[in-house]
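What follows is a single structure, written as structure tokens, with notes after it.
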Amino acid sequence: MKGLSFRWKLTLLITLISGVTLALAFVGLYLNDQYRFRSDVEHRLENTRADLLQRLAPLLEQNSPDIEGSLQPLSNDLQIEGAALYSAENKLLDQYLRPGSTPIRPSSSKIGELINADRGIMLSTIRRNGRELGYLYLKAELTENEKSRFSELLRGAGIIFVISSLIAMVAGYRLQGTISEPIIQLVDAARYISEERDYSVRVPQDATGEIGELIASFNFMLGTIEQRTSEMAMARENLHNSNLQLENANRTLEARVEERTLDYKEAVKAADEANKAKSGFLAKMSHELRTPLNAIIGYSEILLEDATDEGNKAAASDLEKILSAARYLLGLINDVLDISKIEAGKMELYIETFDIPKLIQEVASTVQPLVAKKNNTLYLECPVNIGDMQADSTKIRQMLFNLLSNACKFTEKGGITLSVERDPDGQHILMKVSDTGIGMTPEQMGKLFAAFSQADAST
């Protein structure tokens, strides 16, 4: 079936439908014949059966010896071919057979009535007062026409079936052209388009109904594809021209980029030299400034001790201010030196093992004056048994001091917390500084690491 063309598939489908319809009609005719034959046999045997049941029931109930030969009067009934009487235990009690007939055998069923459509047999149960006494089998005399009725019916139906199938095949082959021809044209057009890529082809609009709508949609689709193809060809041409223009622009841009790159390299070189000069200048200036500052700090400490010993509180207060300012300035100079080292890539770390709680206490003692300046309270959360740490203690101390100083700067009459804990992996120490100060917005936090900028200059 898969190798057949659509035309022959359609023809065979029409023939198959016709054959199925004729087969169903034959089945209906056969069932109707069976019903009529059954009704006729029942009608012919009913009177005889009723008379025999009425006469045999008392004999079976009394187990009379007259039961034997009780069926012989049926020889006068031309419609009976044979009869048999059986007890409730399926024992043969009496039978009558017309000469030339085959013996009757009881069925395995013992309930109800049974008519065999081919043999014309009726099975009846003999009851009296609700008790089963036996079974009566009657076989009707069938005429030759009745015996051959099924074969004749089958022969006639077969002839009608063959003739009708031939007529259906011829009619289907003739009529299918109106259905298959438009579809074949559609297939041929699709095959030609796929091979030649010619979208100007159109299928003739001869069919109607769903196939006509399919052809119309196919033609419309071809028109759309043809239009899109022409537009695509034009777009390709425009794209080719644009590519040529883009290549020219790229060449010009490459020349400009090369020129700008040279300018950038020169600017980077100049900036690098200026940065080196700046770093060198800062380093020299820092060294030059640190010498007199150290002298100022040293003499201020001596004078402060003398003023304290002499009890000159006014002079001691002024000397403390001078000493604090000098130390602050020295810290700024040290920070400048650290920045210069970082920019030059020469910042060195001195790794050592130190006790964490001791470092925290030193930082807290150092920052305590800043905490008390704005009436703040410093809270330390550091377990005593947290252990040691390997790092540059000076840099750790400097970072904590910067964070705590910043917290003191923006917190007033609040709390500042320094918490230290060991990470679950045991390899890292986590230090946190938090405060109850003014805080920062997400926009301000985005500027935290921008060079030479503050979160909010107004603060």
Side-chain angles (χ1 to χ4, degrees), residues 20 22-158 160-161:
V20 171
L22 289 172
L24 292 176
F26 171 72
V27 171
L29 182 63
Y30 172 74
L31 293 177
N32 180 66
D33 178 76
Q34 288 288 88
Y35 175 76
R36 291 176 59 188
F37 176 76
R38 180 173 181 160
S39 299
D40 183 58
V41 171
E42 285 181 352
H43 179 71
R44 287 161 55 185
L45 295 179
E46 182 62 32
N47 294 332
T48 302
R49 182 180 70 92
D51 181 64
L52 285 173
L53 291 178
Q54 186 176 5
R55 183 160 53 86
L56 294 174
L59 297 176
L60 288 172
E61 186 178 22
Q62 299 170 7
N63 198 14
S64 174
D66 296 336
I67 291 177
E68 187 175 356
S70 59
L71 299 179
Q72 295 305 318
L74 293 176
S75 59
N76 298 325
D77 192 343
L78 299 180
Q79 66 179 353
I80 301 300
E81 182 180 339
L85 178 62
Y86 291 88
S87 65
E89 292 77 18
N90 208 22
K91 179 181 179 182
L92 180 63
L93 301 177
D94 190 22
Q95 71 172 343
Y96 161 74
L97 290 175
R98 189 181 296 278
S101 301
T102 58
I104 301 174
R105 300 299 180 193
S107 171
S108 60
S109 173
K110 299 181 180 180
I111 302 174
E113 296 181 352
L114 174 66
I115 292 183
N116 189 303
D118 293 331
R119 298 180 60 191
I121 294 176
M122 175 178 284
L123 168 65
S124 300
T125 302
I126 303 174
R127 290 185 177 87
R128 190 174 181 84
N129 297 325
R131 177 186 169 200
E132 288 189 5
L133 302 175
Y135 304 95
L136 174 64
Y137 292 83
L138 293 177
K139 180 179 180 182
E141 175 71 25
L142 301 180
T143 64
E144 292 298 325
N145 290 335
E146 289 175 335
K147 293 180 180 178
S148 61
R149 78 190 191 288
F150 180 73
S151 60
E152 292 178 356
L153 178 64
L154 183 62
R155 189 183 304 110
I160 295 174
F161 180 81

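- Here D94 contributes atom CG and S87 contributes atom OG; the two are 12.5 Å apart, rounded to the nearest 0.5 Å.
- For R128, the side-chain hydrogen bond (donor to acceptor under 3.5 Å, both in side chains) partners two or more places apart in sequence, or in a different chain, are E61.
- Here the side chains of L92 and L85 are not in contact, with every heavy-atom distance at 4.5 Å or above.
- Rounded to the nearest 0.5 Å, atoms CD (Q95) and CD (Q72) are 9.0 Å apart.
- One finds the OH atom of Y135 at 8.0 Å from the CZ atom of R127 (value rounded to the nearest 0.5 Å).
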